There are 2 protein chains.
Amino acid sequence: METRRDVFQAIADPTRRQIISLIAHKSMNLNAIAEHFEVTRPAISNHIKILYECGIISIAQTGRERFCRIQPKNLREVADWVETFRELWEQKLDSFEEYLNALHSKRKKNGKAKRRRKSHIDTKKNL
Amino acid sequence: METRRDVFQAIADPTRRQIISLIAHKSMNLNAIAEHFEVTRPAISNHIKILYECGIISIAQTGRERFCRIQPKNLREVADWVETFRELWEQKLDSFEEYLNALHSKRKKNGKAKRRRKSHIDTKKNL
DNA sequence: ACAATATGTAAACACTTGATTACATAAATA
DNA sequence: TATTTATGTAATCAAGTGTTTACATATTGT
């Protein structure tokens, strides 16, 4: 409960992801948010607290209402992390070896050269 | 334990994220992976199982060894989700209203027109 | 002033999670 | 064949999580 949560844990919960999507383009106060979900208001209140503590939303109090607004910049940590793997999935290579070839010989247009390197544990078929 | 986990939960654990990074460019068998961490092998074994069940890694068995390889395509769900917010944080707007203006009047180069709309809950200051 | 509204918080609870230790099994190796 | 190696699994446990109900507090409206 008092544990330090990070952004990845914050977005691990589906309800919290829905909250993020819900207020992405429209600030809403807590009750308005809670109306979109089956769970009770205190449950949403807790989710909001977590999102706030992780810097994913900001809260602006006006009178008795607290408007929650997305703080998109701080989702960047997630984006940055997952982006480091984009190069992997965007290469249409079907084997690790081909990937290595492409990576290590970028000068050539043809990264699919079939040359074999000395045997290495990672070059075994099916990896 | 038997719960259906999704990709977001899979990457919520820091150890699992480290495993993903570790094998991103190099398939490794389970013991090799475990050597990189403080926790015991069974703990890593369980993480591997979760990553596998979430489609983040594939496992190729050769003899008694199981080589874990990243399956980067399936990290795409995360990338796709977080990408939907990129437009938000890449806009250097400092208020929601300005964001709306920019969004609703893209024809104009100047999205910062100060025109006011009829009062609405979302237009209160500080949101 | 009083009632309604918006929200926080605490206690309680079931369930999940991440971890360990101990044991089991299959494959490689001496 | 006996031993080491790579790995899975089960039992157990402490902590953490998400939720509810019940109550408290501050603000707004009548």
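Sequence lines set the chain letters: A, B, ... in the order given, protein chains first and strands last, and positions in each chain run from 1. As the structure is a prediction and not an experimental result, all values here were calculated from the model.
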Requested in this report: Return the set of residues passing salt bridge (Lys or Arg N to Asp or Glu O under 4.0 Å) with R17(B) (not counting sequence neighbours), or none when no residue passes.
Outcome: D6(A)
**Report entry** Rounded interatomic separation in angstrom, taking OH from Y52(B) and C1' from dG8(D)
**Finding:** 14 Å
Query raised in the report: In terms of the nearest nucleotide of DNA chain C, which residue is placed more toward the 5' end: I59(A) or I44(B)?
Result: I59(A)
**Report entry** Set of side chain to side chain donor-acceptor pair (under 3.5 Å) partners for E83(B), sequence neighbours left out
**Finding:** R86(B)
Query - Nucleotide nearest Q9(A) (side chain, heavy atoms from C-beta), chosen from dT17(D), dT20(D), dT9(C) - result: dT17(D)
Query raised in the report: Would you write out the dot-bracket form of DNA chain C, 5' to 3', with Watson-Crick and G-U pairs under 3.5 Å, [ ] for crossing pairs, | for pairs to other strands and . for unpaired bases?
Result: ||||||||||||||||||||||||||||||
Query - Atom pair distance, as rounded to whole Å: CG in L30(B) and P in dT5(D) - result: 16 Å
Requested in this report: Taking only the side-chain nitrogens and oxygens of S45(B), find out if one of them lies under 4.0 Å from OP1 or OP2 of dG8(D).
Outcome: yes
Query raised in the report: Can you find a side chain N or O atom of N31(B) that sits less than 4.0 Å from OP1 or OP2 on dT7(D)?
Result: yes
Query raised in the report: Any side-chain N or O of R5(A) less than 4.0 Å from the OP1 or OP2 oxygen of dG18(D)?
Result: yes
Query - Under the side chain to side chain contact (heavy atoms under 4.5 Å, CB included) test, residues paired with T15(B) that sit two or more places apart - result: D13(B), I19(B), F37(B), I44(B), H47(B)
Query - salt bridge (charged side-chain N to carboxylate O under 4.0 Å, His left out) contacts in which one or both residues fall within residues 29-42 of chain B, not counting sequence neighbours - result: none
Report task. Measure from CD1 on I19(B) to P on dG18(C) and round the result to the nearest Å. Result -> 11 Å
Query raised in the report: Y52(A): what forms a side chain to side chain contact (heavy atoms under 4.5 Å, CB included) with it, not counting sequence neighbours?
Result: I57(A), I59(A)
Using nucleotides 22-27 of chain C, report all nitrogen or oxygen pairs with the protein that are shorter than 3.5 Å.
unit_1, atom_1, unit_2, atom_2, d
dA27(C), N3, R64(B), NH1, 3.2

Requested in this report: Verify the cluster assignment for V82(A) and I50(B): are they in a single hydrophobic cluster under the rule of side-chain heavy atoms below 4.5 Å apart?
Outcome: no
**Report entry** For S58(A), side chain to side chain donor-acceptor pair (under 3.5 Å) partners two or more places apart
**Finding:** Q71(A)
Query raised in the report: Taking OP1 and OP2 of dT19(D), is either one under 4.0 Å from a side-chain nitrogen or oxygen of T40(A)?
Result: no
Query raised in the report: Whole-Å distance between dG8(D) P and L51(B) CG?
Result: 13 Å
Query - N46(B) vs dT17(C): side-chain N/O to OP1/OP2 distance below 4.0 Å - result: no
Requested in this report: Check whether any side-chain nitrogen or oxygen of H47(A) sits under 4.0 Å from OP1 or OP2 of dT17(D), and answer yes or no.
Outcome: no
Query raised in the report: In whole Å, what is the span from the CZ atom of R66(B) to the P atom of dA6(D)?
Result: 15 Å
Query raised in the report: To the nearest 0.5 Å, what is the distance between CD1 (I11(B)) and CG (L51(B))?
Result: 10.5 Å
Requested in this report: Write down the distance between CG (D13(A)) and C1' (dT17(D)), rounded to a whole number of angstrom.
Outcome: 9 Å
Report summary line: Residues passing the salt bridge (Lys or Arg N to Asp or Glu O under 4.0 Å) test with E77(A), sequence neighbours excluded, are none
Report task. Would you mind reading off the distance between E65(B) atom CD and dG8(D) atom C1', rounded to a whole angstrom? Result -> 15 Å
Query - Atom pair CG/CZ of N31(B) and R64(B) - distance to nearest 0.5 Å - result: 10.0 Å
Query raised in the report: What integer distance in Å separates F67(B):CZ from dA6(D):P?
Result: 10 Å
Requested in this report: Please tell me which of I48(B) and E38(A) maps to the more 5' nucleotide of DNA chain D, matching each residue to the nucleotide holding its nearest heavy atom.
Outcome: I48(B)
**Report entry** Proximal nucleotide (of dG18(C), dT20(C), dT7(D)) relative to the R16(B) side chain
**Finding:** dG18(C)
